[in-house]
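Read through the structure below, which is laid out as structure tokens, and then see the notes.
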Amino acid sequence: MSGCVCSQKELSLLGRGACTRLVRNTRKLAWMHKYDSTGAKNFIDFNDGSDALATIDSDFWDALLRHDDPTKRLYLTPLMENVAEAVTDEEIETMDSGRQFVTKDAYLTFEGFAPEKDASYELYREWKKNKCADLVFFNIDANGSIFGSSENWEALELFPIPISDGSFRVVRIPATPTEVAKIRVRFDWDETFNDAEIVGVFSDAQETTLLTLPAMIQTIGASAAAATTSLLTVSVRNNVIDNLEESWITGLLLANFVIKDEAGSPITPTAVTEISTGTYEIDGTYATGENVTVELDYPLHVMAALTIAIP
Amino acid sequence: MVGRTQFNEEVISKMTKKQLEKVYKGRKDRLEKALVIWDKHNPKKVVKEEE
């Protein structure tokens, strides 16, 4: 993991711990919106409630990757290939006296490629849709360690690292006879961010790392017709650029819909029919005056719970 | 697949015919299919005549 043998205590003579954990090259990125819908800054809460590191297992990550509120959700890229993070030197003005002043700080640029096999067209459209959003990122290295900002690390809150405004760019590179199709992702880390504040949760503190988890396809559910006490009509589509390019989720079955009443108790439907591409009639018994919620349980897809009022 | 209905046999088999008729009121095709499923799980009791 760290590539360091713990018995090599003489290393500490060099001013480092005897078993230093190394940061490996970036293989994935996780991102969030900088602010949630209430205006609060987003972060990953690693605090278990008693100021100790939480158990970081698949449930921990799942709660973030499938957060019901898209503005609080954690988004994940597939494995990135050929990642290059280059340092762009600072710009310095040198006076006649020889004194120097930094006019622009050094910063890191990021470039990585997601091969078509790992990155669906839906994911590409999701990135395109978000290119102007206020995105902030976490780095995930080849071991699965995750790195962010130490803004409030004393409370075990890992904040994302900002990128330069408008620098997030994605482009789809078509296949050639010798190269697979891929999506290129580029951005500049924010030059005003103090990289001395980067902290991380190393892979050996995690039972499950984000390295092993897939990128989710974001979907939106909507009530497609007036509900009745025996029928819900729900459409499910990808969260894409605009309505001209809607991409419907087809082939959903009974097990893919989780229906709950106002008290949170499950309601088991009697049948599901895909009446048109991506639109489903869900038969069942729904109480008058209640708000029922429809959730999606479909691998690799995430959808905020849809609330439907029963007249 | 568009147009295909997936019925929940377990739920349907535990409902009463009256409940099914209420769920599928005005939807004859689906009610008929649901009743076929219901019948499959709730076979009529055969009463032997006393000899």
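Lettering of chains follows the sequences in order, A, B, ..., and the numbering in each one begins at 1. Side chains are part of it too, since the values below use all heavy atoms of this structure and drop only hydrogens, waters and symmetry mates.
With hydrogens and angles ignored, the 3.5 Å screen pairs a side-chain donor or acceptor of B:Gln6 with a backbone N or O of A:Leu254.
Side-chain contact between A:Thr285 and B:Val23: present, with at least one pair of heavy atoms (C-beta onward) separated by less than 4.5 Å. Side-chain contact between A:Thr277 and B:Val2: present, with at least one pair of heavy atoms (C-beta onward) separated by less than 4.5 Å. Residues B:Arg30 and A:Asp283 are in side-chain contact: their nearest non-hydrogen atoms beyond the backbone lie under 4.5 Å apart. Contact check for A:Thr268 versus B:Glu10: no side-chain heavy atoms found under the 4.5 Å cut-off. Side-chain contact between A:Leu253 and B:Arg4 is present, with at least one heavy-atom pair separated by less than 4.5 Å. Residues B:Phe7 and A:Thr270 have side chains not in contact (no heavy-atom distance under 4.5 Å, counting atoms from C-beta outward).
Looking at A:Thr250, neither its backbone nor its side chain comes within 4.5 Å of chain B, counting heavy atoms on both sides.
The two residues B:Arg27 and A:Ser230 make their nearest non-hydrogen contact at NH2-O, 3.5 Å.
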